[in-house]
Amino acid sequence: MGDLLTDAHWGVLLILLPLFGGLCSFLWPSAVKFIGLATVSAVALSVVGLGDQLLATGVYHHAVGGWGAPLGIDLYADGLSLFMLMVTALVGLGVSIYALDYFDQDEARRFWPLWLLLLGGLNALFLSADIFNLYVTLEIVGLAGVGLASLSGGGAALDGAMRYLMATLLGSLCYLLGVALLYHSAGTVDIPLLAERLESTPPVWAALGLICAGLALKTALFPLHFWLPKAHASASAPVSALLSALVVKASFYIFLRLWLEIFSVRTEGVDDLLGALGMAAIIWGSLQALQQTRLKLMIAYSTVSQVGYLFLVFPLAAIGTFSAWSAVAYLVLSHALAKSAMFLVAGNLMHFGGHDRIADLDRAVQRLPITVGAFALAGVSIMGLPPSGGFIGKWLLLNEALNQGRWDLVFVMMIGGVLAAAYIFKVLGFAFTQAPVTHEPKGVPAVMEWSALLLAVAAIVVGFLASPLMLILGIGETVELMGAGQ
Amino acid sequence: MNSPMIYALLGITLFSVGLYGLIVREHLLRKILALNIMGSGIFLMLVALGKRSAGELPDPVPHAMVITGIVVAVSATALALTLMLKLVEASGSAVLHDAPKDRS
């Protein structure tokens, strides 16, 4: 039994399980909720299995079909991949439990196959070791995401999904053109081989620009975020949570991976540009969030600003250390948990009152204490107040900026925190005050309230787990080596 | 200039034409076609650059990539067309309307 656990190919299972589960849930619609939850739980257990294996033996490497690079497809997992798989499994589990009660049988029949396909795509993306396979998984994630965004079927949702589809396809095509140029320059798509062979030539620079632009579009980095608020705000609540918490992070992960392994030494000036766009995103996204009158649009603009924080790492990491990269991993984790909790809360409030107008929340605190409590806790993490996960991430980043004397970054991070506090307290304020009743309130199932609260509590609790998480992130030393090598 | 280079430049041209169409045209069907033209440009470039020097057999890996890319393009186009038809059913037009406050 012990051998079976350590020798099992968890990485392969992580991709096959959700794809198989997705097919099954499509074929047997009557058992869709059971199949869905069972698959997501099995995936979470496989992540634990993979983590156990990685802690014991270092990086995981598997040549699919025994072919191996450069011809075959390699699966590869180090600390960073494992970290992202954990984030996906955690958020996925929370949202799946919520979705059990959120969707009726007919909607569930359409939600689960797409969500499991998305999960399979995400897992495959985090396990890919070559840039062409990353393109294919990026497309699986994008198309499944568009399908999910269009699920609720109204005009607004279809409009949002269409914008999202256009943006995501354009992003992938730019990325693919970059891949074609890199393949032409280096004759391989395998990331470690590329890192060895690439030289600083004009085609490589063009490829870098195309890949960065394509991924920035998919990650919704300011000013390429135009598609995000509509797509994320008009989808149904569990879908918004998945898109904001996970799908945006998937393209950011590719950014991070390529930056760490391929582009790190060839990027004079690009890092400062990304940092400047990140700063603009923080300010612009927060200001837009503050102006919104609808809760879901506010949360979506908050995602735009929080994505900005992730990009601040690039100028800092140019002369930075492990702590800059661990800060960004922390921000990814805590934002994923907090933002999914917030969207689930928005789903509860919409279910309860039939609308998401912030000004008409009408004493939601007294009527849905658990839901509003979840919003407040998630808000604490988004604002970056101690002892939340968001605080640790922002504190590490701030510390790094102070050490390097980057006062512009420090200033913007401070302003971003204050603005985040402003838009979150605005919602909480209206949740305490009375408003004219426009809609007969409907009860919210306990499962939906508690799953949102659990995700929000997790966003706080990760603040106490710094050392085990750093241990996981350090597996394979990709992050540390690159930090030291610069 | 050797012929693979000409095809590669043609591929880049197609990509740019498609990009222009995607940004400028309003009708969704034109946007979807523009995306397909961009994709074809990339495929053409991949195949052209697969032949590195005269006389030598072309590199098969880009060809495999193009086949994968075509599969992705077909499914993406199918999804986009279905979505467009649903949108026309729901809103009565195949153009994405921008409300001024959403422009940002």
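Note on naming: letters A, B, ... go to the chains in the order of the sequence lines (proteins, then strands), and numbering restarts at 1 for each one. Note that the structure is a prediction, hence the values are computed from the model and not measured. Reckoned from all heavy atoms, side chains included, excluding hydrogens, waters and symmetry mates.
Contact of A:L165 with chain B is made through the side chain alone, with heavy-atom distances under 4.5 Å. With a threshold of 4.5 angstrom between heavy atoms, A:F222 does not approach chain B through any atom at all. With a threshold of 4.5 angstrom between heavy atoms, B:M65 approaches chain A through its backbone and through its side chain. Residue A:L170 touches chain B through both its backbone and its side chain, counting heavy-atom pairs closer than 4.5 Å.
Minimum heavy-atom separation, A:H232 to A:K296: O-CE, 4.3 Å. The two residues A:S150 and B:L83 come nearest to each other via the heavy atoms CB-CD1, 3.7 Å. Here the closest heavy-atom approach between residue A:L295 and residue A:I358 is recorded as N-CG1, 3.6 Å. Closest non-hydrogen pair, A:L181 versus A:A207, comes out as CB-CB, 3.8 Å.
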For B:T77 and B:N36: C-alpha separation, side-chain torsions, deciding distance, then whether side chain to side chain donor-acceptor pair (under 3.5 Å) applies. CA-CA 8 Å; B:T77 309; B:N36 274 286; 3.2 Å; yes
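Between chain A and the options B:I42, B:L87, B:T68, heavy-atom pairs under 4.5 Å are most frequent for B:I42. When the candidates B:L28, B:L46, B:V71 are compared by the number of heavy-atom contacts under 4.5 Å with chain A, B:L28 comes out ahead. In terms of non-hydrogen atom pairs under 4.5 Å with chain A, the most contact-rich of B:P62, B:S75, B:S91 is B:P62. Among B:G69, B:A76, B:A8, B:G18, the residue with the largest count of heavy-atom pairs under 4.5 Å with chain A is B:A76.
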